[in-house]
Amino acid sequence: MRLLSKAIFREVLTSATLGSLLFVFVLFLRTIERLSALLVKTSAPPAVVAKLFLYALPATIPFALPLGVLVGILIGLSRMSADREITAMRASGISSVTVARPVLLFASLALLLTALASLWLTPLSLHLESMVARNFAAAQLTGNIESRIFDEQFPNTVLYVGNVRTVGKEIVWRQVFIGDVTPPDELKQQGKDRGDGPRIIVAEEAIPHADPVNNRIILDMKNVRSSERDKDGKVITTAAPAQVEALQAQKQEDLQVNKTVQEMDTGPLYRRVYHRHDLSHEDYVDAAIELHQRFALPLACVLLALVGIPLGISSQKGGKSAAFVLTVLLAFLYYLGYITLIEIGRASCRERV
């Protein structure tokens with residue numbers, strides 16, 4: 001009996017491995033869209049591109065493994081059924097439970113691997129992916145400023161540097177002009193009390209430092225003069241031998257590669273859903289859907305196994321080709337149902353508000 005269980009286990013494992021790799025490849029093509037905007041806008045070196053794609057790969061595992069389990073079960077059992085091996089087992093007095101036992105064991109092992117990827121590996125890899133993207137974006141901005149050109153790539157800011165030079169490993173800007181043209185409405189939202197018109201900052205020298213965690217560039221400026229208008233229209237001018245200014249590196253929507261909740265560890269995400277009461281309704285719904293999804297995806301391994309066992313055993317005609325077509329159909333229905341139920345959940349939550 002052990003030999004029979006091992007043979008069934010190996011049969012399912014071989015097909016499931018190939019099926020999982022296929023679905024990882026297909027799903028990975030869809031995830032490339034999240035990185036294309038950054039890669040198109042910037043000339044990232046090969047090392048950065050490789051890291052971004054490597055960290056994006058684990059996010060496909062929680063979706064690919066359950067479908068790989070379905071592929072392995074359907075193709076493996078369908079092959080055995082088409083070759084009359086299942087019929088021979090039944091004629092020898094071997095029950096269907098004996099056939100299903102190694103299949104369910106395989107599905108349980110796949111559940112553990114999927115849970116590991118869903119609860120720990122995926123959020124970790126997405127967090128590392130965002131860190132690489134932010135580090136590269138901030139480093140590129142500090143290093144790619146050209147001399148004597150008005151640069152408007154910073155949000156609500158016009159930057160002009162008369163001379164850019166490198167001293168050792170430091171980049172030094174000389175004859176710096178900064179125009180803060182933030183609209184009055186945004187200034188009110190930020191709690192800043194300033195009149196109409198831009199804020200002008202002029203410095204003899206500035207040393208930029210990338211601060212990718214806060215999505216900004218810190219400038220250590222020397223011999224600084226700034227001028228702005230107050231609410232009464234009076235021009236206020238200040239001067240200082242040294243001053244620190246922060247430039248927002250990019251708009252948040254352009255920089256954010258993944259949603260914040262996708263990068264959170266499962267423990268903090270659980271506390272965010274069930275212990276925090278200061279979240280907006282939309283933030284709560286996003287966090288709750290992400291948390292429940294992480295626990296639901298591993299269970300799909302067992303669910304699809306329970307669907308695949310009777311279909312694989314009963315499929316006596318067509319063999320592997322019929323099993324492959326049935327797998328594609330069930331995978332499509334599974335993915336369609338997954339997306340549809342998430343959108344139904346979001347819509348029902350909006351209606352309750």
Side-chain angles (χ1 to χ4, degrees), residues 37-38 41-44 130-257 260 263 278-280 283:
L38 176 65
K41 292 180 182 178
T42 60
S43 54
S130 293
M131 285 185 59
V132 171
R134 282 194 289 263
N135 287 335
F136 172 71
Q140 189 185 49
L141 284 174
T142 57
N144 287 356
I145 300 299
E146 298 182 16
S147 302
R148 297 182 293 278
I149 293 179
F150 284 95
D151 198 320
E152 300 182 11
Q153 62 181 314
F154 300 94
N156 299 321
T157 302
V158 178
L159 174 66
Y160 177 87
V161 180
N163 183 25
V164 178
R165 58 191 179 93
T166 303
V167 180
K169 294 185 178 180
E170 277 189 339
I171 298 175
V172 180
W173 297 348
R174 296 190 59 83
Q175 300 173 355
V176 180
F177 169 90
I178 300 176
D180 183 355
V181 292
T182 305
D185 294 340
E186 292 188 23
L187 289 174
K188 291 180 180 179
Q189 294 177 359
Q190 299 172 6
K192 297 181 180 179
D193 189 9
R194 198 175 82 196
D196 294 336
R199 180 187 180 213
I200 304 301
I201 302 174
V202 180
E204 180 181 337
E205 182 179 286
I207 300 176
H209 304 283
D211 184 12
V213 175
N214 297 309
N215 184 31
R216 61 183 184 175
I217 296 174
I218 305 299
L219 299 178
D220 292 330
M221 309 177 75
K222 297 180 180 179
N223 298 327
V224 185
R225 292 179 62 87
S226 64
S227 62
E228 58 183 287
R229 291 182 180 272
D230 60 13
K231 286 187 174 182
D232 298 328
K234 182 180 178 181
V235 178
I236 300 175
T237 301
T238 58
Q243 184 173 316
V244 177
E245 286 289 332
L247 290 179
Q248 192 71 18
Q250 286 181 313
K251 293 182 179 179
Q252 189 64 27
E253 57 270 20
D254 294 339
L255 178 71
Q256 193 69 31
V257 179
T260 304
E263 302 176 17
D278 58 342
L279 297 175
S280 66
D283 290 339

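Just so you know, residue 1 is the first one in the sequence shown, and it goes up from there. What's counted below: heavy atoms across the whole structure, side chains too, no hydrogens, waters or symmetry copies.
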**Residues E245, V224; criterion side-chain contact (heavy atoms from CB on, under 4.5 Å); working and verdict** = CA-CA 10 Å; E245 286 289 332; V224 185; 6.0 Å; no

**Asked** Do the side chains of D180 and E228 get nearer than 4.5 Å, heavy atoms only?
**Response** no

**Nearest non-hydrogen partners of V244 and D220, listed with the distance** = CG2-OD1, 3.7 Å

**Side-chain touch V202/N223, heavy atoms, less than 4.5 angstrom** = no

**Fill in**
Nearest heavy-atom contact between S147 and G162 is CB-O, 3.6 Å

**Message:** Tell me the closest heavy-atom pair linking Y160 and I149, and the distance in Å.
**Reply:** CE1-N, 3.7 Å

**Message:** Nearest 0.5 Å, please: how far is CD1 in I236 from CZ in R229?
**Reply:** 10.5 Å

**Distance, nearest 0.5 Å, that separates CD of E205 from CZ of R165** = 6.0 Å

**Asked** Under the side-chain contact (heavy atoms from CB on, under 4.5 Å) criterion, do T157 and T182 qualify, and how do the steps go?
**Response** CA-CA 7 Å; T157 302; T182 305; 5.8 Å; no

**Prompt:** Minimum heavy-atom separation for V181 to P198, with atom names?
**Reply:** CG1-CB, 3.9 Å

**Request:** Taking the side chain as every heavy atom from C-beta outward, state whether I178 and F154 have any atom pair closer than 4.5 Å.
**Result:** no

**Message:** Within the structure provided, determine whether R174 and E204 are in side-chain contact (heavy-atom separation under 4.5 Å).
**Reply:** yes

**Prompt:** At their closest point, which heavy atom of I200 faces which heavy atom of G179, and how far apart are they?
**Reply:** CD1-CA, 4.1 Å

**Item:** CD1-CH2 distance between I207 and W173, expressed to the nearest 0.5 angstrom
**Value:** 11.5 Å

**Request:** Nearest 0.5 Å please: distance from the CG atom of N156 over to the CZ atom of R199.
**Result:** 13.5 Å

